[in-house]
Amino acid sequence: MAINITGHDIVKAAALLGAGIAMGLGAIGPGVGEGFAAGKACESIGRKPEEAGLITRTMLVGQAVSESTGIYSLVVALLLIFVV
Amino acid sequence: MLDIQTLVGLSKDLSAGLCIGLGAIGAALGEGYTAGFANKAISQRPEKGGDIAKSMLVGQAMAESAAIFALVIAVLLLFMDVSSAHPLKAFALIGAGLSMGFGAFGSAVGGGYPAAEACLGISRQPTVTGELITNMLIGSAVCQTPAIFAMVISLILMFIGFENEPLNPTWAALIAAGLSTGLSSIGSGIGGGMPAGESCAGIARNPESAGQITTAMLVGQAVAQTPCIFGLLVSFILIFKEPSATNSIVPAIALLSAGICMGLGGIGPGIGNGYAAQGAVKWIARRVEASGTLTRIMLVGQAVSQSTAIYAMVVSLVLIFVL
Amino acid sequence: MENFTEILQLKINLAGIILSFNVKTIIMTWIVMVALILFALLARKKMGLVPNPFQIVAELLITAIYNLCIDTLEDERLGKKYFPLICALFMFLLLSNWLGVIPKLCEPTRDLNTPLGMGILGFVIAQYAGIKEKGLKQYIKDYLDPIFFMAPLNIIGEIAKVVSISFRLFGNIMGGAIIIIVVSYLVYGILLPPLLNLFFGLFVGTVQAFVFTMLTLVYIAVQVK
């Protein structure tokens, strides 16, 4: 069975592969980083349980910021899939 | 010109090599880590050398089971009968090898942490040797879950026939299915090992609250398996969705990309979930009365750090279903 | 192997607009609703100082979730206001995730539509809470943080929360269901499936129901602060 490969196909295929790699690799950093933040937040709550509310809020804000690169990857991946 | 049987035979042998070659890395790392800590523990308390060596061997045997799964799959692959195989079998076997090879890595490394901490714990608190070994066995057994998922996908890829499916997009789907579960298992395996190790250290520090520590460890480990479950879900969809035949390269690359995306995307969140659970378990051991709050914050933190794995799953599903 | 990807759909043509219903999901959701109403009626029956078993369960659950709301929102008034929603959400999701343990029934959360609906519900309520507590001006200002051109990314980040919360529940429940089906097929139903059912149905189901509820509560808490 013959596979026809045209120039346009190569561009599209490369864009799709790029989308997968972008989101895949882009997910590693934020995943580890947010987990690290959560681990440290748990340790701080263990040290000072009465400040749990403040620590949780700080953790969530920190995680939201470190997730932004993951969201950029998502945006880039969706752009590569639907726009290119 | 290569005929189909030679091609399938070639891919069978290649895949067996990949499977055990990749699968052995993790076990070597995990067991070496355990042995190092066991030596440290014996130097701290030489009179308990026998107990420590015993627990080291038990822990290493658990950590090794992932590599043994890889060996089983590799042997099955080597002795598989491919005399009348369909060309798709070649790609299915490569997928099976990649899935089990990568899948064994994380679980074996993860299994090393609890074994190492149990050895150290025995040297610190020899009176709770029994509890420590029990907790270590539970922890490392849960660590093997991602390897078991990878083995399930490998077995499906090896033994289900693909005769009725079109060659072109399906070849990519089969390789992608292996990559998705295999790579995403790495993170979950390592992530499952971190809280297990910390819980062994915690029980040695505070033996009275062993029950709460083990419970927190199990909750943390169960949530850390989520990225791997997503990987399995994507693999399963890739295997059982019947794509329509085409002679363009684009759908095939889309499916391959879906597998790579979910596979790589599962690594980070798995390890991150491990960190979160490790922090919580560490402090539950030191301050049992805060265990409710700590478990709650651990769950929220883990859930938020999984979100990038979920984005990866969404991109994979878009690549599979929308295109 | 059971063909679980097949969805029983009922299509109704309403003046050119085709409405499709996933019959199985709707029936399962109704079963959960009936069970919850029955539970509420049984717990209210003969309420007194010497409680019946249902009343004990209800009291434990309600006290725990009420304290959780007040702890997370850090405000007695807000806690009281959002407590009924959070409690109902938790009970619904818990029972939905447990339903798959019973043979012939399946979890309504296995269908993406249910978690997505619950996720959108939580999103809308969090936005409403934000506008109500902070005022419209401050609410819009928070989206322009730190600089005005970050607004699109902030909005995408907010919408991504709906995606992540609903796909997390869907992925876990669907993944569990698939693992149970595949493993039962591989070992011909010997020994493992009941254990897996207990693990994925009861344990993971409970953890995920709690995570979903807790995240909805946290999204509200982040908006009102």
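Reminder, nothing fancy here: chain letters follow the sequence lines and each chain counts from 1. What you see is a predicted model, and the numbers here were worked out from it, not measured in a lab.
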Might you point out which heavy atoms bring B/K282 and A/E43 nearest each other, and give the distance in Å? NZ-OE2, 3.8 Å
Do A/E34 and B/S307 come close enough that some side-chain heavy atom pair is under 4.5 Å? yes
Taking atom OH of B/Y311 as the centre, does the number of heavy atoms from other residues, nucleotides or ligands within less than 6.0 Å exceed 12? yes
Which one, A/A38, A/A41, A/G39, leads in non-hydrogen pairs under 4.5 Å with chain B? A/G39
Counting only heavy atoms not in A/K48, do more than 12 fall under 6.0 Å of its NZ? no
Side chains of A/P30 and B/T308, heavy atoms from C-beta outward: is any pair under 4.5 Å? yes
Interatomic distance, CD1@B/I186 vs CD1@A/I28, rounded to 0.5 Å, equals 9.0 Å
Among A/A52, A/P49, A/S44, A/S73, single out the residue with the greatest number of heavy-atom pairs under 4.5 Å to chain B. A/P49
Sort A/E67 into side chain, backbone, both or neither according to what part of it lies under 4.5 angstrom from a heavy atom of chain B. side chain
Any side-chain heavy atom of B/V300 within less than 4.5 Å of one from A/M59? yes
Over 12 non-hydrogen atoms of neighbours within 6.0 angstrom of CZ in B/R287: yes
What part of B/A290 gets within 4.5 angstrom of chain A, counting heavy atoms only: side chain, backbone, both, or neither? side chain
Please identify, among B/V304, B/V281, B/I267, B/I260, the residue contributing the most non-hydrogen atom pairs under 4.5 Å to chain A. B/V304
Exam field: side chain B/R286 to backbone A/G46, donor-acceptor pair closer than 3.5 Å: no
Is there side-chain contact between B/W283 and A/I45, with heavy atoms separated by less than 4.5 Å? no
Of all the heavy-atom pairs spanning A/C42 and B/G279, show the shortest one and how long it is. CB-C, 3.8 Å
Restricting to non-hydrogen atoms, name the atom on A/A19 and the atom on B/S257 that form the minimum distance, rounded to 0.1 Å. C-OG, 4.5 Å
To the nearest 0.5 Å, tell me how far B/I253 CD1 sits from A/L16 CG. 8.5 Å
What one should report as the nearest heavy-atom pair of B/C261 and A/M23 is SG-CB, 3.6 Å
Is it the side chain or the backbone of A/I10 that comes within 4.5 Å of chain B heavy atoms, both, or neither? neither
Which heavy-atom pair separates B/V250 from A/A13 by the least distance, and what is that distance? CG2-N, 4.3 Å
Of all the heavy-atom pairs spanning A/G35 and B/S305, show the shortest one and how long it is. N-CB, 3.5 Å
Select, from B/A277, B/G274, B/G301, the one with the greatest count of heavy-atom pairs under 4.5 Å involving chain A. B/G301
